[in-house]
S.K.: 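The following block contains the structure, expressed as structure tokens.
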Amino acid sequence: MSDSHSPSSHRTVESAAGPREWLGLAVLTLPTLLLAMDVTVLYLAVPHLTADLRPTGIEQLWIADIYGFMIAGFLITMGTVGDRVGRRRLLMFGASGFAAASVLAAFATSPLQLILARALLGIAGATLMPSTLALISNMFRDAGQRTMAIGVWATCMSAGMAAGPIIGGVMLESFWWGSVFLLAVPIMALLLATAPALLPEYRDADAGGIDVPSVLLSLLTILPLVFGIKKAAETGISALPLVSILVGFVFGRAFVRRQRTLEPPLMELRLFGNPTFRAALFILLFGLGTVGGSYLFITQYLQLVRGLTPLTAGLWLLPPAGALILSSTLTPIIVRRTPPRFVIAAALALATSGYLTLAFVDAVGGLPLLIAGFVLVYAGISPLMVLGTDLVIGTTPPERAGSAAAMSETGMEFGVATGIALLGVVGTAVYRSEMSAAALPNMPAAARDSLAAADAAAADLPPILGDAVFAAARAAFTNGLNLTALVCGATTAVLAVVTLRSLRTVADSETSR
């Protein structure tokens, strides 16, 4: 494929992909696997790096959060940069940067160095996901093959999330904490070695330059929004997160106004004029929001309520991950004979049944029920990820595929962050209410804040009182999990109805097989 592409050729020829494209897809799964693994391995490494580097509480928060902030902040910019400079070129540049930043993180000798390395990892990571999705859109123009390719992409993401805790746990038992970051080096080296031969270059020759004020406005929009949402999840609704979110909205309005005056804009707002694009982003945003919030409670339940180690908790999460992988694999096959809106709606109904199952989990013997419910949730959410992403990419002109992929990824990032924040507030409110009502003498005030605080406080109490406090905390936390599961179930049930209505005609015609 040549370095440029004329917009007028959109959908005029939809030739089937050949062996080179499918081998290229294997290359594109490498960064997908890596980024999915990177989400989970850091949480395993935190106790080890904390003991070594001894960061302050604030530094520890920045080590954990700066990566996500940078990815969210630069996704829109990097997606558009790929449209202009070339998607393969940007992918290779990002892979090189990610490998270099991983080495810096692995051998960091101070919290500040690790924070800086994690920030660079986030910026490099923001180049990878939009580039992979945009290249999939360019390489697989046939609608059925594109859905299959995105299914493989989603499957690799699921596999990376499942493998992360296990591989990370094994490496942390054998090596020092920095070894988990070095996983990126051989993976990115393989990508750099194979990409020139297997991946086509693609860019929009008429895209023009990058509008720097728009880049700054996008960062000033997204970073305060993400910070405010995360802060609300950690501390509840207060002045700081509300002000941060308000600042983000103010700059967001200025960003939108500027985009309407530019040709071409940094972010192609005209894509929202397509009802399929708009509906798919909406469903992805709220659907992934339920998963983000519920995953937070489930991992805490496994480690704090049930007392499992991170590695054992990761092994218990293998069945849900397997369901996610299987569902991702089957979705492209099912959608050949069934319109996408029916597949997505049925999958959301399945996820709803999973959330209703989670609503009946108890603090004592609820582990099998929890895993069964999460299997149903993951099996239901996977078709949403595959087909929602496919609809966003498939209804976009090739020259805007990078921008569309970035918007899809940004929507999912915001969905997960918002789900964690809102559902965290619900669960915390239930926990604090029940702990305040518990008639236990001499209960430490810290035990009313969170389950982790109750666990720490109980260790310093006489055994009988400590056991009573922790038992009450476990029950209160589990009740919070039950209520958040009901909220998630109600959300996915509503999304199923929205899917049937909003994708009634357009989705069927756009992705007809």
Side-chain angles (χ1 to χ4, degrees), residues 30-71 94-126 128 157 159-191 230 234 295-296 298-300 302-304 306-318 321 420 452-453 455-456 459:
L30 296 174
T32 305
L33 277 166
L34 178 64
L35 291 178
M37 290 172 57
D38 198 65
V39 170
T40 53
V41 294
L42 177 72
Y43 293 104
L44 296 177
V46 164
H48 302 267
L49 67 88
T50 300
D52 186 17
L53 300 182
R54 300 195 179 279
T56 64
I58 296 298
E59 288 172 335
Q60 187 171 330
L61 286 175
W62 278 111
I63 290 171
D65 290 341
I66 192 65
Y67 176 76
F69 286 162
M70 292 297 101
I71 282 187
S96 301
F98 201 94
S102 296
V103 173
L104 290 177
F107 295 100
T109 57
S110 70
L112 183 60
Q113 289 181 18
L114 184 55
I115 292 169
L116 176 60
R118 292 279 294 167
L120 294 174
L121 279 171
I123 296 172
L128 299 176
M157 183 178 293
M161 292 176 64
I166 298 171
I167 294 175
V170 170
M171 294 191 69
L172 288 170
E173 289 181 2
S174 305
F175 307 103
W176 91 113
W177 59 265
S179 63
V180 299
F181 293 106
L182 293 181
L183 285 170
V185 177
I187 293 175
M188 290 306 176
L190 181 59
L191 184 152
K230 283 181 172 286
E234 294 168 3
Y295 188 83
L296 174 68
I298 286 169
T299 52
Q300 289 187 73
L302 292 173
Q303 295 184 67
L304 295 176
R306 304 298 302 179
L308 304 179
T309 65
L311 180 57
T312 305
L315 291 173
W316 272 102
L317 289 173
L318 280 179
I420 291 173
D455 185 19

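Throughout, numbering of the chain's residues begins at 1 and tracks the sequence. Here the structure is a predicted model, which means the values were calculated and not measured.
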S.K.: Who pairs with Leu112 by side-chain contact (heavy atoms from CB on, under 4.5 Å), at least two apart in sequence or on another chain?
M.R.: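 Partners of Leu112 under the side-chain contact (heavy atoms from CB on, under 4.5 Å) test: Ser110.
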
S.K.: For Val185 and Ala99, which heavy atoms make the closest approach, and how far apart are they?
M.R.: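 Nearest pair, atom of Val185 first, then Ala99: CG2-O, 4.1 Å.
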
S.K.: Would a 4.5 Å heavy-atom cut-off, applied to side chains only, mark Trp316 and Ile298 as touching?
M.R.: no

S.K.: Work out which heavy atom in Ala95 is nearest to a heavy atom in Leu128; give both atom names and the distance.
M.R.: N-CD2, 3.7 Å

S.K.: Return the CE to CG distance between Met70 and Leu120, rounded to the nearest 0.5 Å.
M.R.: 10.0 Å

S.K.: First locate atom CG of Leu34, then atom CG of Leu191, and finally report the distance between them rounded to the nearest 0.5 Å.
M.R.: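 So the CG of Leu34 and the CG of Leu191 are separated by 10.0 Å.
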
S.K.: Supply the atom-to-atom distance Ile187 CD1 to Leu190 CG, rounded to the nearest 0.5 angstrom.
M.R.: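 Ile187 atom CD1 to Leu190 atom CG measures 8.5 Å (nearest 0.5 Å).
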
S.K.: Do the ring centers of Phe107 and Trp176 come within less than 6.0 Å of each other?
M.R.: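 Aromatic pair counts; centres sit under 6.0 Å.
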
S.K.: Is the closest side-chain heavy-atom distance between Leu104 and Leu116 below 4.5 Å?
M.R.: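 The answer is no, as the side chains (C-beta and beyond) never meet within the 4.5 Å cut-off.
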
S.K.: Could I get the full list of side-chain contact (heavy atoms from CB on, under 4.5 Å) partners for Leu53, not counting sequence neighbours?
M.R.: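 Testing Leu53 for side-chain contact (heavy atoms from CB on, under 4.5 Å), a comparison that skips the adjacent residues, returns Pro55, Pro111, Leu114, Trp177.
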
S.K.: Among all residues two or more places apart in sequence or in another chain, which pass the ring-ring contact (aromatic ring centres under 6.0 Å, His included) test with Phe175?
M.R.: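 For Phe175 there are no ring-ring contact (aromatic ring centres under 6.0 Å, His included) partners, ignoring immediate neighbours.
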
S.K.: Looking only at heavy atoms, which two atoms of Ser102 and Leu182 are closest? And how far apart?
M.R.: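 Residues Ser102 and Leu182, closest heavy atoms: O-CD2, 4.5 Å.
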
S.K.: Looking at every non-hydrogen atom in both residues, tell me the closest pair between Phe98 and Ala124 and how far apart they are.
M.R.: N-CB, 3.6 Å

